[in-house]
Amino acid sequence: MDADVIVVGAGPAGSTTAYYLAQAGFDVLLLEKTRFPREKVCGDGLTPRAVKELIAMGVDIDSPGWIRNKGLRVIGGGHRMELPWPELSSYPDFGLVRTRLDFDKILAERAEAGGARLLQGVNVTGPVLDLRSGHIIGVTAKKDGEPVTYRSRLVVAADGNSTRLSLSMGLHRRGDRPMGVAVRTYFTSPRHDDDYLESWLELWDTGDDGRARLLPGYGWIFGVGDGTSNVGLGLLNTSESFQNLDYRDLLRRWVKNMPAEWGYTEENMTGPVRGAALPMAFNRQPHYTKGLVLVGDAGGMINPFNGEGIAYAMETGRIAAGVVAGALAAATPAQRERLLRAYPQVLKDAYGGYFTLGRLFVEAIGKPGVMAFLTRHGLPHPTLMRFALKLLANLTDRRGDASDRLINALSKVTPPA
């Protein structure tokens, strides 16, 4: 064997998994198809859930380049409201912004510092299977164009939405789960040091009939702190117009309505408009099969309420590492397999009910008029909006206030995704 565990993909999910497994004393091979630094399409905004995971991994969030924010500014229906992150015992009361160009590199280096072996420029092409059991016992790959093979006791798929490894093991995307699309670009702007993440709840599009339609999704403006703003939008496939939208053109038309002094113009763009798919609510299952463990986007672990993926990538990486460590320490192969097969249920217990609530939410806002009603009647009520922030960002204490208890109870009684 080349390692105890091979982790395919050094994004937030893979690097977190590798870090915790290496810390537990296992030999971990972390394979990344590109070379750092590299781009990823993302809003670059980190909620307190993600901040908690960074602190737990020992990332120095006080070093240069980390921009703190106080909460979420919501704009829509003629209203504007600033909602501070809730004060909770379970999570910090601040968020962060860091570009993925830096962020993923920092986490991969943290995994290396923790003891994992990081190999860059290794493009995994398929699984190596045990001919008797059908279990994955390694991967084939191309390293700088040359074919290579790596073997291990277990493989973790952290290779994102496309997840070639999962597909090769027969795990296909579920059509009954929501999907999103995010597009974003960067503008040189005086708003680069805003201390609130900003969310615009009204995205309008004109149909073939000439009538304006409110789309299920939101636009964002996140100050990066380096002289630029990350400006983008996220849309859900629960709208009939989803398939026919030109997302990049929609972003360009949206920013044209922004105040001129913000600088969101073509000549101030520092890069192209890029897009990516957002796999939500466990859209690929089961999360363990025949020696393959799924983490992060590979398992569709994006929050359908708000499109947040980094926090859940890191959390599921940490959870998976705990399960895998216990399994590899088991006395017999049968005990190891039993522990690994419990991993999907561990995830369902942690997120299943909440993700189902999110699915119901995105189905509702995909119906004409629902998004407009919620925006118009919800934003004028601060108490309701503070509740909505906790729900959409999944920020509660186990024994918190009445709103925490209500959200936790709803998540518990709702059938898991």
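Everything numeric in this text was worked out from a predicted model, so none of it was measured. Along the sequence shown, the residues carry numbers beginning at 1.
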Quick test of your reading of the model: are [X] and [Y] salt-bridged, counting only N-O distances below 4.0 Å?
X    : Y    : answer
D144 : R35  : yes
K70  : E82  : no
E53  : R49  : no
R253 : D249 : yes
R252 : E266 : yes
E39  : R184 : yes
D2   : R117 : no

Cut-off 3.5 Å, no hydrogens considered: what does the side-chain donor-acceptor table look like for residues 94-103, sequence neighbours left out?
unit_1	atom_1	unit_2	atom_2	d
R98	NH1	P64	O	3.1
T99	OG1	D102	OD2	3.4
R100	NE	D104	OD1	2.7
R100	NH2	D104	OD1	3.4
R100	NH2	D104	OD2	3.0

Point-to-point distance, once rounded to the nearest 0.5 Å, from [atom1] of [X] to [atom2] of [Y]:
X    : Y    : atom1 : atom2 : value
I106 : R110 : CD1   : CZ    : 11.5 Å
S15  : M57  : OG    : CE    : 7.0 Å
D401 : E87  : CG    : CD    : 11.5 Å
R405 : D397 : CZ    : CG    : 11.0 Å
D93  : L395 : CG    : CG    : 11.0 Å
T163 : L171 : OG1   : CG    : 8.0 Å

Open item on the list: As a quick check of understanding, evaluate side chain to side chain donor-acceptor pair (under 3.5 Å) for T47 and E308, giving each step before the final call.
Closed with: CA-CA 8 Å; T47 71; E308 180 182 11; 2.5 Å; yes
Do [X] and [Y] get their side chains close enough for a donor-acceptor pair, meaning under 3.5 Å?
X    : Y    : answer
Y264 : S229 : yes
D44  : N230 : yes
N69  : W85  : yes
N394 : Y354 : no

TODO: Please work out whether the ring planes of W200 and W254 are parallel, tilted or perpendicular, with thresholds of 30° and 60°.
DONE: perpendicular
Task: Within-4.5 Å side-chain heavy-atom neighbours: Y247 and L235 - done: yes
TODO: Would you indicate whether the side-chain heavy atoms of V122 and K142 approach each other to under 4.5 Å?
DONE: no
Could you tell me whether [X] atom [atom1] has more than 12 heavy atoms of other residues or ligands within 6.0 Å of it?
X    : atom1 : value
K33  : NZ    : no
K348 : NZ    : yes
E267 : CD    : yes
R151 : CZ    : no

Over all atoms of both residues, closest heavy-atom pair of [X] and [Y]:
X    : Y    : answer
S189 : W262 : OG-O, 2.7 Å
Y343 : L294 : OH-O, 2.7 Å
G217 : L203 : C-CD1, 3.9 Å
P416 : T356 : C-OG1, 3.3 Å
T316 : Y312 : OG1-O, 2.7 Å
I310 : A50  : CG2-CB, 4.4 Å

TODO: Please lay out, stage by stage, how E315 and Y351 fare under the test side chain to side chain donor-acceptor pair (under 3.5 Å).
DONE: CA-CA 11 Å; E315 287 176 11; Y351 308 110; 2.6 Å; yes
Task: Identified salt bridge (Lys or Arg N to Asp or Glu O under 4.0 Å) counterpart of R191 within the set D194, D195, D193 - done: D194
Task: Stepwise side chain to side chain contact (heavy atoms under 4.5 Å, CB included) check, W66 with L54 - done: CA-CA 12 Å; W66 295 98; L54 289 169; 3.9 Å; yes
Quick one: side chains of residues 358-384, donor-acceptor pairs under 3.5 Å with protein atoms, not counting sequence neighbours, listed by atom name and distance.
unit_1	atom_1	unit_2	atom_2	d
T375	OG1	M371	O	2.9
T383	OG1	R386	NH2	3.4

Task: Test side chain to side chain donor-acceptor pair (under 3.5 Å) applied to T140 and T125, step by step - done: CA-CA 6 Å; T140 57; T125 55; 2.9 Å; yes
Task: F282 and H287 aromatic centres sub-6.0 Å - done: yes
Task: V183 and its side chain to side chain contact (heavy atoms under 4.5 Å, CB included) partner, picked from L250, V273, D246 - done: V273
